[in-house]
**Q** 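Can you read through this structure? Questions will come right after.
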Amino acid sequence: MAPFAIATLSSSHICHLPKPAKLKLPIRCSAASSSPSFFSTRSKASDFDLRTYWASLMVQINHKLDEAVPVQFPPQIYEAMRYSVLAKGAKRAPPVMCISACELFGGNRLAAFPTACALEMVHAASLIHDDLPCMDDSPSRRGQPSNHTIYGVDMAILAGDALFPLGFRHIVSQTPSDLVPEPNLLRVIAEMARSVGSTGMAAGQFLDLEGGPNAVEFIQEKKFGEMGECSAVCGGLLAGAEDDEIERLRRYGKAVGVLYAVVDDILEERLKAEGGGDGKNKGKSYAEVYGVEKATEKAEELREKAKEELDGFEKYGERVFPLYSFVDYAFDRSFSVDNASG
């Protein structure tokens, strides 16, 4: 499974973790946590309507992705590319997080859309390659047949290969120069290249293939955390965030990305206990290696860690609410993103 690839379960099998209010998290002493306004910001963020916000952005992102990947020659490659990029089951978590991070610092949403689309292209490419028979050998993705199942292994490889550079080109050619200075744009491109490269997602996939159970934490950090980290950081870079703010976003995004993965593992283990599940991730699941109870504790820690990073953005007021809400959604899956607009 690749970054932000949330398990798709039927409504009868959705297993929610305990509601946030019922969690018993460790008490942490910090300068932020001693501030009354810190508690006020978290409390207000809990009322933010993430479902409506997410659904609205998904409509815009889907429209821009459709324009960004038109069918050209050779049409077979483009059709395979569009099959994965425009998949109806896509949740658009990376682009939504990127836009949210950009808007946190007062950035214009129009400045973020090209990078947001590029993130989804890179994400789709990673999923295409992850699903290949020589990798995770997954016959389905996002509720439909995997790319190689429809178009063949050769075309799937080409589609993934083509989506990576198309994403970078889209950032350069479509980002408004009057909204994002060139140095910021170069940092965005470098960040995205780092996240998908040999020390990022590729390293995670390598260990997913070669590593044993002891590598599960590193695998999740690289395969899942990297995309969350990149999405948040790119949004901040586009808006001109300060370096210390970028580092907060980096830690926040990685925590949320791994949180998605750990919760997916918990849901899969509970589904298997009910006689369901596919068992594909044997030995690669945090919940399977350490148990559901330990995995739940890990999820709680990641949730608190991500929120602690956001506490440092208290001065931005309600603009930080979407990022707080992302954390809670990753933890309790309180609604179906697939049906966010329905």
**Q** Donor-acceptor pairs are to be reported for all side-chain atoms of residues 170-182 against protein atoms at under 3.5 Å, with residues two or more places apart or in another chain.
**A**
{"from": "S173", "atom 1": "OG", "to": "R169", "atom 2": "O", "distance (Å)": "2.9"}
{"from": "T175", "atom 1": "OG1", "to": "I171", "atom 2": "O", "distance (Å)": "2.6"}

**Q** With sequence neighbours left out, what residues match A80 under side-chain contact (heavy atoms from CB on, under 4.5 Å)?
**A** N147, Y151, M155, A159
**Q** Please identify each residue that fulfils side chain to side chain donor-acceptor pair (under 3.5 Å) with D49, with sequence neighbours left out.
**A** T52
**Q** Only counting residues at least two apart or in another chain, list the ones meeting side-chain contact (heavy atoms from CB on, under 4.5 Å) with C102.
**A** A112, L238, A239
**Q** By the salt bridge (Lys or Arg N to Asp or Glu O under 4.0 Å) test, which pairs, at least two apart or in different chains, include something from residues 92-104?
**A** R92-E120, E103-R109
**Q** Taking only residues two or more places apart in sequence, or in another chain, which ones meet E67 in a side chain to side chain donor-acceptor pair (under 3.5 Å)?
**A** H63
**Q** Partners of F326 by ring pair (Phe, Tyr, Trp, His ring centres under 6.0 Å), sequence neighbours excluded?
**A** W54
**Q** Restricting to ring pair (Phe, Tyr, Trp, His ring centres under 6.0 Å), what partner residues turn up for Y286, sequence neighbours left out?
**A** Y290
**Q** Which residue pairs pass the salt bridge (Lys or Arg N to Asp or Glu O under 4.0 Å) test when at least one of the two sits in residues 228-239, sequence neighbours left out?
**A** R194-E229, E229-R250, E229-K254
**Q** Could you work out, with side-chain contact (heavy atoms from CB on, under 4.5 Å) as the rule, every residue matching P145, not counting sequence neighbours?
**A** Y83, T149, I150
**Q** My understanding is that only residues two or more places apart in sequence, or in another chain, count here; which of them pass side chain to side chain donor-acceptor pair (under 3.5 Å) with S100?
**A** Y53
**Q** Would you please name every residue forming a side chain to side chain donor-acceptor pair (under 3.5 Å) with E269, sequence neighbours left out?
**A** K272
**Q** Given salt bridge (charged side-chain N to carboxylate O under 4.0 Å, His left out), test K294 with E301 step by step and report yes or no.
**A** CA-CA 11 Å; K294 181 68 174 177; E301 291 172 4; 5.6 Å; no
